[in-house]
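In what follows, every heavy atom counts, from backbone to side chain, and hydrogens, waters and symmetry copies are set aside.
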Amino acid sequence: MKKISILLVALAFVSCKNTDKSDADIAKEAIIDSLKIEFAKQRVIDSMNNVRIMQQTEQKEVVIVNQTAATPAKKKWSGAAKGAVIGAGVGAVTGAVVSKKKGEGAIIGGLAGAGVGAGTGAIIDGKKKKE
């Protein structure tokens with residue numbers, strides 16, 4: 001009976017042994033895990049940079065055989081021109097809807113709208129030049 005009780009006490013001590021990792025081991029594993037994550041991120045960034053470099057080198061190898069004259073840059077519409085076109089459209093529609101004689105109302109409304117729109121656009125252009 002003595003042997004069994006000694007065996008049970010020894011077994012209790014062995015089974016109660018602290019198998020948890022120490023704080024230093026946990027810290028080391030956390031550092032290793034974070035480094036693995038950073039390395040994975042860096043691999044993704046490096047592969048994206050490699051793709052970008054490959055695209056740039058492919059673009060540099062383009063050879064133009066037949067050159068034509070460069071097309072001039074398109075001129076932007078002035079505010080007065082935009083205003084005249086928009087005003088003419090709105091005026092024509094409004095004139096046709098309001099007037100009993102649809103054609104005549106559309107013409108008069110279009111002319112009036114174009115005038116008002118051109119004036120408004122010119123005022124806006126003048127303000128933009130001052131700024």
Side-chain angles (χ1 to χ4, degrees):
M1 185 74 172
K2 235 181 191 185
K3 289 181 182 181
I4 294 176
S5 63
I6 293 174
L7 182 62
L8 287 175
V9 170
L11 185 61
F13 279 119
V14 171
S15 66
C16 291
K17 181 180 172 185
N18 188 4
T19 58
D20 291 338
K21 295 180 181 178
S22 68
D23 290 339
D25 290 338
I26 292 172
K28 285 180 186 177
E29 285 184 6
I31 291 171
I32 290 171
D33 290 343
S34 66
L35 285 174
K36 286 180 181 178
I37 291 170
E38 289 301 317
F39 286 140
K41 288 180 184 177
Q42 190 61 43
R43 272 189 301 232
V44 170
I45 292 170
D46 290 342
S47 67
M48 290 171 63
N49 286 337
N50 288 340
V51 168
R52 184 178 49 87
I53 290 170
M54 293 294 287
Q55 288 175 345
Q56 288 176 349
T57 56
E58 289 173 2
Q59 290 174 356
K60 289 180 183 177
E61 295 174 0
V62 173
V63 177
I64 299 174
V65 176
N66 187 6
Q67 289 184 336
T68 58
T71 57
K74 291 184 177 180
K75 293 183 181 180
K76 292 184 178 180
W77 282 32
S78 67
K82 288 180 190 177
V85 171
I86 294 170
V90 171
V93 170
T94 305
V97 170
V98 172
S99 177
K100 291 182 181 178
K101 296 181 181 178
K102 303 297 181 197
E104 192 175 309
I107 292 171
I108 293 172
L111 291 174
V116 172
T120 305
I123 291 170
I124 293 172
D125 282 342
K127 287 182 181 179
K128 284 185 181 177
K129 287 182 182 178
K130 288 180 183 178
E131 291 178 358

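Two residues are said to be in side-chain contact when any heavy atoms from C-beta on lie closer than 4.5 Å; Q42 and I45 meet this criterion.
K36 contributes atom NZ, which lies 9.0 Å from atom CD of E29 (distance to the nearest 0.5 angstrom). Of the inter-residue distances, the one linking K101 atom NZ with I107 atom CD1 reads 12.0 Å to the nearest 0.5 angstrom.
Closest approach of D125 to A80, counting heavy atoms only: OD2-N, 3.3 Å. Here the closest non-hydrogen pair linking S99 and G105 is CB-CA, 3.6 Å.
Taking a 6.0 Å sphere around NZ of K28, one finds it holds 12 or fewer heavy atoms contributed by other residues, nucleotides or ligands.
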